[in-house]
Structures are given as structure tokens and as C-alpha cells.
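Numbers for residues simply follow the sequence, beginning at 1.
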Amino acid sequence: AFMQLKAPQAMRLVGVRTSAAKVSEIHEMKREGDVMRMQPVAGIDLPAGQTVALTPGGLHLMLMGLNAPLQAGQTVELELQLDSVPPGKPVTQRVQAAVRALGAAGHDMPAAHKH
């Protein structure tokens with residue numbers, strides 16, 4: 001899942017849940033030499049008032065083991081799990097994410113994202 005996040009105060013995205021997939025994680029794509037690798041990360045810092053982009057080829061939310069294929073036009077509910085900075089006050093934010101076809105931007109996505 002790709003999106004832009006903006007927190008009114010310093011927060012940290014520490015997890016994601018959805019009923020649309022068996023597993024959902026925060027991931028990043030990182031170049032190691034000539035190879036792009038995808039791996040889970042523990043969280044993403046969201047500085048107060050600044051937009052953080054989750055994009056193809058970078059930080060993103062990975063939904064694995066989909067319960068059914070996602071179709072363009074469908075909406076998927078994501079539950080973002082956030083923590084205050086400094087840690088201590090967990091917050092949950094529900095997001096209604098619109099499913100979109102890859103379209104022209106899809107050609108720039110790493111092969112691992114095209115599955």
C-alpha cells in the first residue's frame with residue numbers, strides 16, 4: 001500500500017492490520033549493490049507536520065496472503081498502529097484505502113512489487 005502520512009505531532013508508525021490479508025507489515029526497498037531488496041522494518045518516524053510518502057521502491061505497507069484478489073475501485077480498510085514520540089501513547093487510525101490499477105506508474109515498480 002502506498003500513501004502519504006502526515007501527523008499533527010511527532011508519531012511513529014509501528015504496525016498495520018487489515019482483514020484483507022493474512023499478514024500485513026511495514027516494508028522498505030533498499031539498494032544493496034546492484035540488487036534491490038525488500039525487508040520489514042520496525043516502524044517509520046512521522047515528524048510533526050511533515051508529510052512522509054510511502055511509495056513504490058521505498059517505504060510501503062506490504063499486504064501478504066490476500067484473502068481475495070483486490071480489484072480497482074474496491075476500498076480496503078487499513079488500521080494504522082501509531083505510537084507517540086516519546087513512546088507511551090498508542091493510537092489507532094483507520095484508513096479507507098482505494099484500490100487502484102497499476103497504470104503507467106506501475107512500470108517503475110521493482111519486480112517484487114508486481115506480484
Side-chain angles (χ1 to χ4, degrees):
F2 311 118
M3 63 187 70
Q4 293 187 17
L5 301 173
K6 186 174 182 179
Q9 61 190 42
M11 305 285 290
R12 183 166 171 81
L13 177 65
V14 294
V16 60
R17 290 186 199 159
T18 181
S19 62
K22 292 174 182 61
V23 177
S24 47
E25 299 175 340
I26 304 168
H27 273 219
E28 73 175 337
M29 290 290 294
K30 202 183 241 186
R31 181 171 295 282
E32 293 180 6
D34 292 338
V35 178
M36 289 294 286
R37 299 207 185 271
M38 183 173 24
Q39 61 191 24
V41 294
I44 299 172
D45 291 330
L46 305 173
Q50 294 183 24
T51 300
V52 175
L54 305 187
T55 61
L59 295 167
H60 59 278
L61 305 179
M62 189 72 168
L63 308 181
M64 298 174 285
L66 294 175
N67 296 323
L70 300 178
Q71 303 297 322
Q74 180 180 352
T75 300
V76 175
E77 183 173 286
L78 302 173
E79 183 180 283
L80 305 181
Q81 300 163 333
L82 304 135
D83 203 355
S84 60
V85 175
K89 186 178 178 191
V91 175
T92 299
Q93 177 68 51
R94 293 187 190 277
V95 174
Q96 298 297 322
V99 177
R100 297 183 184 153
L102 284 179
H107 74 279
D108 293 332
M109 294 177 70
H113 284 270
K114 293 182 181 179
H115 297 286

Taking the side chain as every heavy atom from C-beta outward, state whether [X] and [Y] have any pair of such atoms under 4.5 Å apart.
{"X": "Gln39", "Y": "Glu28", "result": "yes"}
{"X": "Leu78", "Y": "Met3", "result": "yes"}
{"X": "Arg37", "Y": "Arg31", "result": "no"}
{"X": "Ser19", "Y": "Val76", "result": "no"}
{"X": "Lys6", "Y": "Gln50", "result": "no"}

Same cluster for [X] and [Y] if Ile/Leu/Val/Met/Phe/Trp/Tyr side chains link at under 4.5 Å?
{"X": "Val41", "Y": "Val23", "answer": "no"}
{"X": "Leu70", "Y": "Val95", "answer": "yes"}
{"X": "Val99", "Y": "Phe2", "answer": "no"}
{"X": "Leu13", "Y": "Val16", "answer": "yes"}
{"X": "Leu5", "Y": "Val91", "answer": "yes"}

Point-to-point distance, once rounded to the nearest 0.5 Å, from [atom1] of [X] to [atom2] of [Y]:
{"X": "Ile26", "Y": "Ile44", "atom1": "CD1", "atom2": "CD1", "result": "5.0 Å"}
{"X": "Lys30", "Y": "Leu59", "atom1": "NZ", "atom2": "CG", "result": "9.5 Å"}
{"X": "Leu54", "Y": "His60", "atom1": "CG", "atom2": "NE2", "result": "9.0 Å"}
{"X": "Ser24", "Y": "Leu61", "atom1": "OG", "atom2": "CG", "result": "8.0 Å"}
{"X": "Lys22", "Y": "Leu66", "atom1": "NZ", "atom2": "CG", "result": "8.0 Å"}
{"X": "Leu63", "Y": "His27", "atom1": "CG", "atom2": "NE2", "result": "9.5 Å"}

Inset, instruction - Take Met62 and Met38 through the side-chain contact (heavy atoms from CB on, under 4.5 Å) test and state the conclusion after the steps. - result: CA-CA 10 Å; Met62 189 72 168; Met38 183 173 24; 3.8 Å; yes

Inset, instruction - State plainly whether the residues Asp83 and Arg12 are in salt-bridge range, i.e. N to O under 4.0 Å. - result: no

Of all heavy-atom pairs between [X] and [Y], which one has the smallest distance, and what is that distance?
{"X": "Gln74", "Y": "Pro69", "value": "OE1-O, 3.9 Å"}
{"X": "Met64", "Y": "Ala21", "value": "O-CB, 3.4 Å"}
{"X": "Pro8", "Y": "Ala48", "value": "O-CB, 3.8 Å"}
{"X": "Lys89", "Y": "Ser84", "value": "N-OG, 3.0 Å"}

Inset, instruction - Answer yes or no: is there a donor N or O on one side and an acceptor on the other, between the side chain of Asp45 and the main chain of Met11, under 3.5 Å? - result: no

Inset, instruction - May I have all residue pairs that pass salt bridge (Lys or Arg N to Asp or Glu O under 4.0 Å) and include part of residues 60-77, sequence neighbours excluded? - result: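 Non-adjacent pairs meeting salt bridge (Lys or Arg N to Asp or Glu O under 4.0 Å): Glu77-Arg94.
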
